[in-house]
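What follows is a short report on a single structure.
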Amino acid sequence: MLHSALINVMVKAARRAGRSLKRDLGEIENLQVSLKGPANFVSLADKRAEQMLYDDLTKARPGYGFLGEEGGTREGSDKSNIWIVDPLDGTTNFLHGIPQFAISIGLQREGVIVAGVIYNPANDELYIAERGKGAFLNDMRLRVAGRKRLDDCVVACGLPHIGRGDHELSRREMTEMQNRVAGLRRFGAASLDLAFVAAGRLDGYWERNLQPWDIAAGLIMVREAGGIISGIDGHDNAIESGNVVCGNETIQRELVKILKPL
Ligand code: IPD
Ligand code: CA
Ligand code: CA
């Protein structure tokens, strides 16, 4: 399938960094048995992947800015374009050899996300989206699920890690949702949760306290698949607030109705 030059650049970078992560995943399986575990190794794998992405993306588009989880902001001469990159989303999964993690690359232009690539090298699933051109999984066009009743829906969420976020609030959310949906899931890689909503695998997803690199690529994926993504308050502020609620129009609205008052 033919994609724009921009998407080709992003896909090439994601695949190269993906090969590196996949090799490292193999190594982790060996380190798992050691007492210290693979934590240090993973943080190196993460940094190595980000450096590769930085090198490839800035070589192909000199001047674009770069915001990466590991290296923070690196300004470019072109102030309108900025890559927003998570080189390894789903670190805890990766660390445990669970094949649910991804490289996430978004491009923000004049403050708007215009392209996204999410790639899971463990199963070779490649999600791409470009503004006005649709969202695709391995070249198959994506569309969000059509279910309208929450009690038919499978919905994913995030859970705050130890020592972070509001655990009490999270438990209230769980209780509310458990009473209303067909199934609740916690997969552990925000970019893939968003991609799964775009693919219609999940009917909805919400999470608080995310970072721009968790959301950027997934946001355009959901939108280009016909879904709605917002902050918990229902407004178009997911990246700014770090809070995400999404699904088809009906399900996103239902989720906001439940979560907003909590
Ligand atoms: C995390 C994952 C996880 C979400 C966390 C994120 P990381 O990203 O996306 O699903 O619940 O809040 O920080 O740390 O694995 O890149
Ligand atoms: Ca992340
Ligand atoms: Ca990360």
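Counting convention: from 1, in listed order, for ligands and their atoms alike.
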Whether R15 and D124 form a salt bridge (side-chain N of Lys/Arg under 4.0 Å from carboxylate O of Asp/Glu) is what I want to check.
yes
Nearest to the Ca ion (ligand 3), which N, O or S atom of D86 do we find?
OD1
Closest protein heavy atom to atom 3 (C) of ligand 1, given as residue, atom name and distance to 0.1 Å:
G188 O, 3.6 Å
Any idea which atoms of ligand 1 are less than 4.0 Å away from a heavy-atom of D86?
16 (O)
Check whether more than 12 heavy atoms from other residues, nucleotides or ligands sit under 6.0 Å from atom NZ of K22, and answer yes or no.
no
Under the ring pair (Phe, Tyr, Trp, His ring centres under 6.0 Å) test against F101, which residue among Y119, F187, F94 passes?
F94
At less than 4.0 angstrom from any non-hydrogen atom of G90, what atoms of ligand 1 do you find?
7 (P), 15 (O), 16 (O)
Proximity to ligand 1 by part of T91, non-hydrogen separation under 4.0 Å
both
Which atom, counting only N, O or S, brings E69 closest to the Ca ion (ligand 3)?
OE1
At a 4.0 Å threshold, what atoms of ligand 1 neighbour a non-hydrogen atom of A189?
9 (O), 10 (O)
G90 near the Ca ion (ligand 3) via N/O/S, less than 3.0 Å
no
For atom 1 (C) of ligand 1, closest protein heavy-atom neighbour:
D89 OD1, 3.7 Å
Logged contact type for Q211 with ligand 1, heavy-atom cut-off 4.0 Å, is neither
For R147, is there an ion pair with D152 - N to carboxylate O distance below 4.0 angstrom?
no
How about E249: does its CD atom have over 12 heavy atoms from other parts shown lying under 6.0 Å from it?
no
Check this for me: does any side-chain nitrogen of one of E254 and K257 sit under 4.0 Å from a carboxylate oxygen of the other?
yes
With the Ca ion (ligand 2) as the reference point, give the N/O/S atom of D89 that is nearest.
OD1
What is the nearest protein non-hydrogen atom to atom 13 (O) of ligand 1, stated with its residue, atom name and distance?
D214 OD2, 4.1 Å
Where is the nearest protein heavy atom to atom 5 (C) of ligand 1: which residue, which atom, and how far?
E207 OE2, 3.7 Å
For E224, the option from R131, E130, R143 that meets side chain to side chain contact (heavy atoms under 4.5 Å, CB included):
R131
